[in-house]
Protein chains: 2
Amino acid sequence: MGVTFGFLHRSCTYLRPRSFTRLYQIRSTHSSMSSVNKTVHPFDKARLDVLLNRRFFYAPAFEIYGGVAGLYDYGPPGSSLQANIIAEWRKHFIVEEHMLELDTTIMTPAPVFETSGHVARFADWMVKDTKTGDVLRADHLVGGVLEARLAGDKEARGLAAQPPKEDEKKKKKKVKSVVVQLPDEKVKEYEVILAQLDNYSGPELGELCREHDIRNPDTDNDVSEPQQFNLMFASSIGPTGQHPGFLRPETAQGHFLNFSRLLEFNNGRVPFASAQIGRSFRNEISPRAGLLRVREFTMAEIEHFVDPADKRHERFHEVRDVVLSLLDRHVQTGGSTKVTAMTIGDAVDKGIVANETLGYFIARIYQFLTKIGINPARLRFRQHMANEMAHYATDCWDAEIENSTGWTECVGCADRAAYDLSVHSAKTGHPLVVRQALKEPIVTEKEVAELNKKLVGKTFGRDSALLQKIVAEMDEAQLLKLKGEVAQGSAIVSAEGKEFKLTPELITIERKTLKQSIREFTPNVIEPSFGLGRILYTLLEHSFWSREQDVERGVLSLPPVVAPTKVLIVPLSAREEFDPLVKEVSSKLRRAGIFSRVDDSNTSIGKRYARNDELGTPFGVTLDFASVQNRTMTLRERDTTGQLIGSIDEVIAVVTELVQGGLDWAEACRRLPAYDGIQAVD
Amino acid sequence: MGVTFGFLHRSCTYLRPRSFTRLYQIRSTHSSMSSVNKTVHPFDKARLDVLLNRRFFYAPAFEIYGGVAGLYDYGPPGSSLQANIIAEWRKHFIVEEHMLELDTTIMTPAPVFETSGHVARFADWMVKDTKTGDVLRADHLVGGVLEARLAGDKEARGLAAQPPKEDEKKKKKKVKSVVVQLPDEKVKEYEVILAQLDNYSGPELGELCREHDIRNPDTDNDVSEPQQFNLMFASSIGPTGQHPGFLRPETAQGHFLNFSRLLEFNNGRVPFASAQIGRSFRNEISPRAGLLRVREFTMAEIEHFVDPADKRHERFHEVRDVVLSLLDRHVQTGGSTKVTAMTIGDAVDKGIVANETLGYFIARIYQFLTKIGINPARLRFRQHMANEMAHYATDCWDAEIENSTGWTECVGCADRAAYDLSVHSAKTGHPLVVRQALKEPIVTEKEVAELNKKLVGKTFGRDSALLQKIVAEMDEAQLLKLKGEVAQGSAIVSAEGKEFKLTPELITIERKTLKQSIREFTPNVIEPSFGLGRILYTLLEHSFWSREQDVERGVLSLPPVVAPTKVLIVPLSAREEFDPLVKEVSSKLRRAGIFSRVDDSNTSIGKRYARNDELGTPFGVTLDFASVQNRTMTLRERDTTGQLIGSIDEVIAVVTELVQGGLDWAEACRRLPAYDGIQAVD
């Protein structure tokens with residue numbers, strides 16, 4: 001609920017989530033990613049959280065010191081999952097589109113963020129409890145209290161209130177919904193306020209608190225007027241503390257400041273894109289939603305620099321037919337949130353999406369997210385409303401992913417126009433422009449005056465400079481008039497109380513043809529900006545389910561491309577006789593570029609598989625006595641639990657293709673016979 | 001010249017460089033990495049710097065704002081080179097050794113670094129000019145002034161002084177070496193001081209300044225007593241600024257704090273290793289040596305947790321025969337810096353390297369560095385001297401790489417013992433230990449006393465607790481004595497002025513057999529810690545040379561495994577007829593996993609190759625009219641500039657093997673005919 005006044009803060013650039021939970025009903029189905037039929041339990045966030053914590057996908061940082069809100073450490077499976085998402089991102093965007101990768105500095109001197117506007121405006125509105133001094137985010141407070149009142153009203157009217165979502169529960173856990181029926185017009189009024197919570201300024205939020213008697217629900221005390229709290233972490237650089245600095249809240253400024261070097265690297269041509277993956281920091285007021293709102297996070301940002309006069313994209317035809325769920329600004333301001341399924345080609349043709357380049361990236365974002373396993377049915381693109389959008393942006397769309405807390409902005413895709421390059425250029429005097437040789441020079445004709453400097457000097461002495469100035473400032477019409485008069489013999493011009501008599505000897509005025517062969521312009525920037533932690537978390541939600549027969553153990557149906565481990569190698573036991581085979585399979589898989597792990601722990605094969613289903617490992621191979629005798633190996637698929645059997649080398653070949661995406665499980669079942677499940681006895 | 005007093009600061013853990021330049025003569029040969037004969041110019045750092053800046057390997061951050069010392073941005077080739085070094089590091093260490101990868105938080109609450117000792121001791125000694133207030137690093141000051149005096153002495157004696165190195169030049173640029181001959185014993189004294197500069201504490205440096213009249217060379221003013229300056233960047237967390245925090249100066253603490261979770265992830269077993277690649281920050285007093293001393297940098301750290309009673313390594317036999325240049329502590333304290341070539345097996349057997357695990361990692365570090373292109377002749381392992389080593393470490397070796405500024409520590413490899421886990425455990429009360437089931441329980445016999453609680457309570461009332469305490473604190477001998485007395489009928493015990501008469505009804509003392517089946521211990525930590533920026537920079541120095549016939553253009557002979565671009569695709573011109581072939585070759589290479597770039601700029605093929613030699617691109621393929629007609633393509637190697645020709649698909653197959661390391665150029669020359677160099681005419 002980013003409701004600050006600052007233009008910056010609400011830009012999609014910054015990945016600020018909006019809790020649209022109140023507007024949408026959550027579908028509790030699990031991910032439909034995997035094509036197999038699963039008998040599953042409804043999605044259970046508590047179970048998923050337990051799994052993620054127990055298997056160390058991530059955990060609160062500094063836990064043994066009591067932890068710090070909004071800071072998380074990724075353990076081995078979380079780190080691998082993140083590394084795989086990043087690797088795929090690099091392939092999908094940087095390699096595929098020949099982007100210029102950057103790795104810039106986090107610690108940033110204050111003047112940079114003064115120019116960019118962050119020092120003044122990268123802020124949230126907070127209120128203080130007038131008695132206890134407790135700090136609350138103003139928009140969260142207003143939203144929480146009004147929603148609680150609506151819930152109380154619903155109950156009073158005998159309507160079943162929707163169970164609150166996990167995130168909401170936490171945010172408002174002490175807002176008791178007193179069962180009081182509200183007048184119908186109050187209900188309407190509250191609903192209108194909630195629907196446009198993102199659009200209120202700080203003073204407006206203060207006004208709402210007074211008008212609707214909104215107090216701190218924890219203490220029932222009044223709250224202060226909303227104040228801005230800057231979200232950047234401050235520090236200082238150097239031994240004497242004389243250089244104030246901030247930790248960057250986005251990687252974007254690092255791209256803009258290096259624009260000239262990037263342009264030169266690209267041989268002076270636009271369009272081109274730079275890309276960067278790195279940490280950013282935001283000192284959130286009260287982060288509470290797990291990975292969805294954190295104080296330190298990894299982003300991946302692209303800045304695509306483009307000619308403002310030509311925002312076509314040469315590869316747009318490749319994505320033209322991609323169908324997306326779009327929620328445009330007109331639908332939203334009309335009070336609805338109904339998405340429209342439309343090809344990106346149509347959306348650009350109809351002017352719903354501002355230009356081809358923006359449309360191209362929206363489609364590419366969709367392709368990336370669905371490729372790594374985001375459920376396309378729970379992915380929509382929402383356009384910023386007029387008031388919500390940064391003032392410099394011409395259009396802005398957020399990729400929002402539905403999860404148990406509602407719809408969360410995970411990628412922003414904005415047309416930032418020329419704002420950033422212009423302000424840094426103006427501040428530093430360093431031109432951040434493209435100079436383009438015109439194929440056809442622009443030819444113009446105009447009157448050009450030339451003074452006979454020698455004679456002018458002799459005639460007017462020290463006043464010559466004034467005469468030059470007068471002539472230089474004349475426009476076309478004035479020059480034409482003067483030309484006519486001089487042609488008649490002489491003309492008088494005057495300024496600052498001085499008069500000059502001009503004759504054909506003193507001045508020549510002629511029509512000349514001028515050629516302009518260089519065009520200079522500040523490029524516009526299209527910025528897709530990815531919050532990797534949010535994508536990672538929503539992906540985990542979309543991937544999680546439990547088998548009917550084993551509710552306690554979950555399964556993460558992560559696609560092989562991002563799964564932390566691709567193949568689990570399971571020897572029947574840790575006995576030495578399996579060692580040579582384990583080593584052989586492990587090293588053959590490594591040579592094929594497939595990341596595997598061995599689980600030779602002292603428990604049943606079934607348990608070991610179940611344990612690795614929790615880690616999202618898509619395939620498993622078992623080495624038993626038959627392997628030792630006949631060099632056969634079984635292959636098991638995570639989602640179906642189906643098993644096949646073949647020679648060790650055949651199975652390695654099949655699993656390699658499965659992991660690389662050249663084969664699906666149905667095809668694998670045609671390549672290898674099914675395994676009947678009879679295990680050799682130890 | 002890390003000469004601070006703090007034990008922490010001088011640990012190899014922190015990658016602090018020592019300027020051994022004054023002790024060693026720099027060999028000015030270029031890298032011997034490539035096996036081809038090159039007619040080359042001597043290494044020219046100024047030329048390399050120009051190349052790196054012009055081609056945007058890296059550049060000062062915030063350059064258009066005037067820059068900030070010690071902060072750099074990596075441009076496209078630098079980012080790619082770094083990403084490739086990291087990818088190879090991941091393969092070489094994490095994948096190969098099944099390490100547990102982590103990604104932990106940079107922003108760290110103060111209590112963590114209070115416990116680890118960083119708040120008190122992660123500092124450098126600085127002095128202030130007593131009149132201007134200018135800040136100088138104390139060790140740099142002493143070193144610079146004494147070296148200048150020695151240089152002046154050499155000149156006075158008519159001896160050619162060594163030209164100062166680049167880094168040294170900068171560090172001491174205003175220390176004029178006045179031509180004054182020193183007494184022989186002064187020369188000796190200065191040399192001794194310089195040889196052990198790393199060993200002085202802050203007060204000792206102050207003492208040296210007074211004793212040898214060392215003043216600020218810029219102003220000739222006296223300097224203050226040395227003071228400690230903490231090198232961590234400070235900030236605060238949360239909206240009210242109540243939680244002080246620091247940016248981590250190393251990633252290590254993130255591993256230690258998560259030890260319990262990692263151990264559990266590893267099924268409770270040691271040894272295992274965690275690994276992390278990430279940013280760290282150090283607020284250096286006056287960083288001046290390019291990428292060798294920066295304020296923000298990417299590290300790769302491994303924490304290998306091992307049983308203190310068993311530091312063998314199961315894969316040590318694989319590296320036993322690796323020969324290393326070792327510079328042990330005894331040689332150094334003996335005043336010499338002569339390295340010894342020795343296998344790591346011998347070094348461990350002779351006790352020069354403390355244990356197998358430490359030795360294993362030293363050898364693996366060597367293998368990694370030489371694999372990515374570091375010249376093995378310019379790589380040595382230097383052991384920390386007794387005073388230099390962190391007090392908790394039992395042994396510590398730095399991988400030092402020679403470059404134009406001298407020998408620079410690029411990797412530290414320390415045995416940190418149990419220090420970190422112990423202090424965090426003591427502070428938080430959270431046990432950071434391994435509990436190991438003993439194969440053979442330890443069986444002990446001892447006297448065990450048991451009081452008849454009911455009767456004792458009845459007899460002694462409120463004093464019963466005191467009696468229990470007395471008995472519980474008795475040792476074996478006391479219990480035996482008591483046992484004897486009670487067997488005689490009764491015994492008197494007393495404490496705090498109270499007496500208890502014990503009879504056989506009140507107390508039983510029996511010899512019992514006790515089994516201990518669990519062993520609990522705090523693991524030791526072996527820590528290889530890599531400064532990636534330093535490795536990257538020294539690699540660039542080792543790779544750089546110029547051809548005799550083209551001094552202006554340099555060549556970077558980067559091995560294919562780390563080269564930013566593997567293959568350059570050069571169409572004869574940007575004419576459309578080449579487009580289909582360019583696309584075909586580009587997409588076939590991409591499918592083979594080879595990163596290529598197209599250079600279709602409007603200049604000669606030779607110039608385009610030369611431009612890409614500067615970027616270290618090892619191979620180039622040219623598409624010309626013959627390609628269109630006959631589907632042939634030429635293949636060019638960067639270091640030899642040799643060219644081969646073959647069908648497009650043959651060349652793709654060969655270049656793929658070349659990049660993947662399955663083939664060398666000599667072998668490629670046997671596979672494909674040489675190209676005579678006659679170009680089709682455009």
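Order of the sequence lines sets the chain letters (A, B, ...), proteins ahead of strands, with each chain counted from 1.
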Heavy-atom distance under 4.5 Å between the side chains of [X] and [Y], does that happen here?
X	Y	result
N258(A)	Y74(B)	no
I64(B)	L432(A)	yes
P76(A)	L262(B)	yes

Roughly how far apart are D103(A) CG and R279(B) CZ, rounded to 0.5 Å?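 The CG atom of D103(A) sits 4.5 Å away from the CZ atom of R279(B).
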Drop me the distance from F265(B)'s CZ to L615(A)'s CG, to the nearest 0.5 angstrom.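 Between atom CZ of F265(B) and atom CG of L615(A) there are 5.5 Å.
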Quick check on [X] against chain A: is it the side chain, the backbone, both or neither that has a heavy atom closer than 4.5 Å?
X	result
E296(B)	side chain
S236(B)	backbone
H430(B)	side chain
V68(B)	side chain
F62(B)	both
H424(B)	both

Under 4.0 Å between a Lys/Arg side-chain N and an Asp/Glu carboxylate O for E96(A) and R590(B)?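 Between R590(B) and E96(A) there is a salt bridge, with a charged N closer than 4.0 Å to a carboxylate O.
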Atom pairs and distances, side-chain donor-acceptor, residues 106-115 of chain A, under 3.5 Å, sequence neighbours left out:
unit_1: T108(A); atom_1: OG1; unit_2: I106(A); atom_2: O; d: 2.9
unit_1: T115(A); atom_1: OG1; unit_2: P111(A); atom_2: O; d: 3.0
unit_1: T115(A); atom_1: OG1; unit_2: Y65(B); atom_2: OH; d: 2.8

Closest contact, heavy atoms only, A234(A) versus S235(B):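 Minimum heavy-atom contact is O-OG, 2.7 Å.
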How close do M126(A) and P239(B) get, heavy atom to heavy atom, and via which atoms?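 Of all heavy-atom pairs spanning M126(A) and P239(B), the closest is SD-CB, 4.2 Å.
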With distance as the sole test, does R261(A) use its side chain to make a donor-acceptor pair with the main-chain N or O of Y58(B) at under 3.5 Å?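 Such a contact is absent between R261(A) side chain and Y58(B) backbone.
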